[in-house]
Visitor: 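If you scroll down you'll find the structure; I have some questions about it.
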Amino acid sequence: MFLIALFAGGWQFGLFALLGTVVATLTAAVLGVSWPERIRPGLEGFNGTLVGVALVLYLDVRWMTVALVIGGAIAASVLTSALNVLLTPYNLPTFTAPFCMVTSVAVIGGPAFSRVWAGHASTPPPSAAAPGTAMTWTYFWQGTLNGIGQVFFQNKWYVGLIFLAGLFIAGWVTGLVALVSSLIGLLTGWVLGAQAADLGAGLYGYNSVLTGLALFGTFLAISPVSAGYAAVGAVTAAGLTAGVANVFDVVGGHTLTWPFVLVSWVFLAAVPMFGKLRRAG
Amino acid sequence: MFLIALFAGGWQFGLFALLGTVVATLTAAVLGVSWPERIRPGLEGFNGTLVGVALVLYLDVRWMTVALVIGGAIAASVLTSALNVLLTPYNLPTFTAPFCMVTSVAVIGGPAFSRVWAGHASTPPPSAAAPGTAMTWTYFWQGTLNGIGQVFFQNKWYVGLIFLAGLFIAGWVTGLVALVSSLIGLLTGWVLGAQAADLGAGLYGYNSVLTGLALFGTFLAISPVSAGYAAVGAVTAAGLTAGVANVFDVVGGHTLTWPFVLVSWVFLAAVPMFGKLRRAG
Amino acid sequence: MFLIALFAGGWQFGLFALLGTVVATLTAAVLGVSWPERIRPGLEGFNGTLVGVALVLYLDVRWMTVALVIGGAIAASVLTSALNVLLTPYNLPTFTAPFCMVTSVAVIGGPAFSRVWAGHASTPPPSAAAPGTAMTWTYFWQGTLNGIGQVFFQNKWYVGLIFLAGLFIAGWVTGLVALVSSLIGLLTGWVLGAQAADLGAGLYGYNSVLTGLALFGTFLAISPVSAGYAAVGAVTAAGLTAGVANVFDVVGGHTLTWPFVLVSWVFLAAVPMFGKLRRAG
């Protein structure tokens, strides 16, 4: 389902996603990671998937990008295992942190290498072409759907719609949480006065979507308090987006899903102190 | 006592400090943090206090600032619990890290939001108006007192004096350690050749004050070796101040109490290796 | 042997290296670090050594540099103990992290202090004088030897040769691993399209040398899989070099051995997940 949506966004996304997934999974298998616990459920592959999609987006379709996706997926696989060892004592998952680390290093270091970066202009945010904070109805509904599509770097509203359909098929609660979280992220950005074109592209939504899904149902037991906790988390992720973007702007990096990773780690790590919240499962 | 000093520095500091304290404490209570162990001793509130003071200083008195202080105090409360879980195995306190994190994110991300930042000029350091490294007697004695007042962002010497009086009432050792530490920070900056106006504003003192108080008496048992250890910590905190300030300068953040937090964590974490030092209590 | 090589690179390197080593070791002894376990094997001194060499390189021979090396070596000694406490649960060594932290803080904060920085121009990379990515035979063989010399900041090929001789005397496997790792780093930079003059100075080699030595033989048991794992680590360290350099460029820091420290921590932390790899000893 996700692969269909990726191919709908462009054939190169599907192809490089596949490459990243296969390399990361193979690396884990060669190094002897447990098959039934980690590899079969796909836990070893999805950071490779994201590395593939991100690098083809930022570095174009070229043979050097193929080599970088292979190297990046291997590094992501080792990082996944390292973070697993470090975070298990605190009962925290790795989320998409390996992907964020590998991609940040690649795009920050890239300009130093003539064969990696040659002739590739940086992608300005949507607001560069259409500045202003005036909200329109089109920005509003497209932004909500794009907030879901941006999870996989897609900024076409119908790709977001396919993802949403897939989430609703997986369970109507999951779909609803994704929709509401995307809305929370968009509204947070709006109230604070973010650029409307960026909101319309879903840039303030996707980290809220991931945070909402992680904190409500997936890792925390469902309850009225945990619903409020997840909503606060979604607001925080949208607010953190601007801070992360401004820091990366200086060194030439991208926001990626860092806000989701950081907010979800903090909100899950705090749970043992909170008598009103329980971990799921 | 501290609240009186804050109101003496300006009514808005006292009011927003109160707001931050109440919101942070309420958040902890709603989420079920233990009342006798954490909330009653005020451990859940003081990072909210600092968030309130810092945000009104950097963002002015406006309704948006009220909303941000509420959001920031909630985030600081969650961060406090998260850091507690992560640091307890190493027997380290959270210090003011939650405040530093929330405020850094707010001021770095702020410029992206038109409703947060509109028309607010950044505050240049005192040395911008009066450059030079020539020390005067006025800079010297005011800088020593300001080093204590800057703990709560106050740069009027009589506010520092009220704080100092409060510390001496709490115990004459505490007051003496604060005074000596502020002096150590100022002298360290002076010897290294820092701008005299910044020294006079207490910018090299407040992290040394906090570090000195943390390492001498509060968390380490008092002994001749621990006195030397705390003095080295105070020097290190003053030296680190310039490094942190230069990094934040690039992305638009502020030094806050990061040097104190980092130095105190490192110096306390090292204690189990040192046969000549013992933890207090 | 290393000291001879350092004096060969310039008398000031040898002298400040000695100062840093003595101060760091003395600090550890005064604070009561265990003598037979840590001080006698030299584990407490080598970060002080590196601080001495780095600060004299970046800040010139002056009395202020002597004071900074003493302060830096004390801070490095405390950091070594702190990291030891934090990393022991994960069975990770501190590597050269204390040195990297102290030196980064010193060179980033330095420009704020007139007595530290006065009249000292920053050192541009070799590629600034000779831009271009065309490889020559001289760049190639000198770069391989310099990759070994740069471990101690030396960019004269015969200093690298003395180090290499020392490593071969310590054991021919050690010498071979260093040579091959330096070659891997240089080739990685070349394939990605790095500046040839930087490759010739060994800037892409020294982190690979350290990573190769750490991952093959020293901390991991020797096997065909661990040989491949160490080679991947050496490639990763060379790739990470550009990312770290670009980040530090913005705030005025230096790459140092950060890539080695970060890559080796990640690759060693991941080992418990990998059935095909075993820790040495």
Side-chain angles (χ1 to χ4, degrees), chain B residues 86-87 89-92 125 127 131-134 188-196 198-199 203-204 215 224-226 228-229 231-233 235-251 255 259 262-278, chain C residues 23 27-35 37-39 43-44 59 63-65 67-68 70-90 94 97-98 101-118 247-253:
Chain B
L86 299 179
L87 295 172
Y90 300 110
N91 196 17
L92 295 174
S127 58
T133 58
T188 304
W190 188 9
V191 167
L192 291 172
Q195 295 287 312
D198 292 348
L199 291 170
L203 295 185
Y204 284 90
L215 294 182
V225 176
S226 85
Y229 197 63
V232 170
V235 171
T236 310
L240 185 55
T241 296
V244 173
N246 283 356
V247 169
F248 275 126
D249 228 38
V250 172
V251 292
T255 310
L262 297 175
V263 169
S264 299
W265 272 346
V266 168
F267 275 64
L268 280 186
V271 168
M273 300 285 291
F274 296 146
K276 300 278 176 58
L277 293 172
R278 272 183 319 107
Chain C
V23 171
T27 307
V30 167
L31 290 170
V33 170
S34 158
W35 179 268
E37 284 173 39
R38 302 267 324 154
I39 299 182
L43 291 170
E44 292 294 335
L59 305 176
W63 284 111
M64 185 49 90
T65 307
L68 284 175
I70 292 173
I74 294 174
S77 179
V78 175
L79 268 169
T80 301
S81 289
L83 286 173
N84 244 298
V85 172
L86 299 179
L87 295 173
T88 299
Y90 300 110
T94 54
M101 293 174 180
V102 167
T103 308
S104 294
V105 166
V107 295
I108 291 173
F113 299 121
S114 65
R115 252 173 286 239
V116 173
W117 213 249
V247 169
F248 276 125
D249 229 37
V250 172
V251 292

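Predicted model, so just to flag it, every value in this text is computed and none were measured. Chain identifiers are assigned alphabetically (A, B, ...) following the order of the sequence lines, protein sequences preceding nucleic acid strands; residue numbering begins at 1 within each chain.
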Visitor: How are the rings of C/Phe113 and B/Tyr204 set relative to one another: parallel (under 30°), tilted (30 to 60°) or perpendicular (over 60°)?
Guide: tilted
Visitor: Which atoms of C/Leu83 are under 4.5 Å from chain B, going by heavy atoms: the side chain, the backbone, both sets, or neither?
Guide: neither
Visitor: Give the C-alpha distance, both sets of side-chain angles, the deciding distance and a yes or no for side-chain contact (heavy atoms from CB on, under 4.5 Å) between C/Leu59 and C/Met64.
Guide: CA-CA 9 Å; C/Leu59 305 176; C/Met64 185 49 90; over 6 Å; no
Visitor: Select, from C/Val33, C/Val78, C/Val250, the one with the greatest count of heavy-atom pairs under 4.5 Å involving chain B.
Guide: C/Val78
Visitor: Could you report the tightest heavy-atom contact between B/Ala237 and B/Pro259, atom names first, then the distance?
Guide: O-CB, 3.7 Å
Visitor: So for C/Leu79, is it side chain, backbone, both, or neither that comes closer than 4.5 Å to the heavy atoms of chain B?
Guide: both
Visitor: So which part of B/Val247 gets closer than 4.5 Å to some heavy atom of chain C, the side chain, the backbone, both or neither?
Guide: both
Visitor: What residue, out of C/Val30, C/Thr27, C/Leu68, C/Ile74, has the most heavy-atom pairs lying under 4.5 Å from chain B?
Guide: C/Val30
Visitor: Below 4.5 Å, heavy-atom pairs only: which of B/Val191, B/Leu277, B/Leu240, B/Asp249 has the largest tally toward chain C?
Guide: B/Val191
Visitor: With side-chain contact (heavy atoms from CB on, under 4.5 Å) as the criterion, how do B/Leu203 and B/Thr241 come out once you've worked through the C-alpha distance, each side chain's angles and the decisive distance to 0.1 Å?
Guide: CA-CA 8 Å; B/Leu203 295 185; B/Thr241 296; 5.8 Å; no
Visitor: Most heavy-atom pairs under 4.5 angstrom with chain B, which of C/Ala28, C/Ser81, C/Ala75, C/Ala67?
Guide: C/Ser81
Visitor: So does B/Trp190 have more than 12 non-hydrogen atoms from other groups sitting under 6.0 Å from CH2?
Guide: no
Visitor: Where does B/Phe267 contact chain C at under 4.5 Å (heavy atoms): side chain, backbone, both or neither?
Guide: both
Visitor: Given the options B/Val266, B/Val232, B/Leu92, B/Leu192, which has more heavy-atom pairs under 4.5 Å with chain C than any of the others?
Guide: B/Leu192
Visitor: A side-chain contact here means heavy atoms from C-beta on lying under 4.5 Å apart; do B/Asn91 and B/Leu268 qualify?
Guide: no
Visitor: To the nearest 0.5 Å, tell me how far B/Trp265 CH2 sits from B/Leu262 CG.
Guide: 7.0 Å
Visitor: At a 4.5 Å cut-off on heavy atoms, which part of B/Val244 comes close to chain C: side chain, backbone, both, or neither?
Guide: neither
Visitor: Tell me, side chain or backbone of B/Val225 under 4.5 Å from chain C's heavy atoms, or both, or neither?
Guide: side chain
Visitor: Is the backbone of C/Ala73 close enough, under 3.5 Å, to the side chain of C/Ser77 for a donor and an acceptor to pair up by distance?
Guide: no
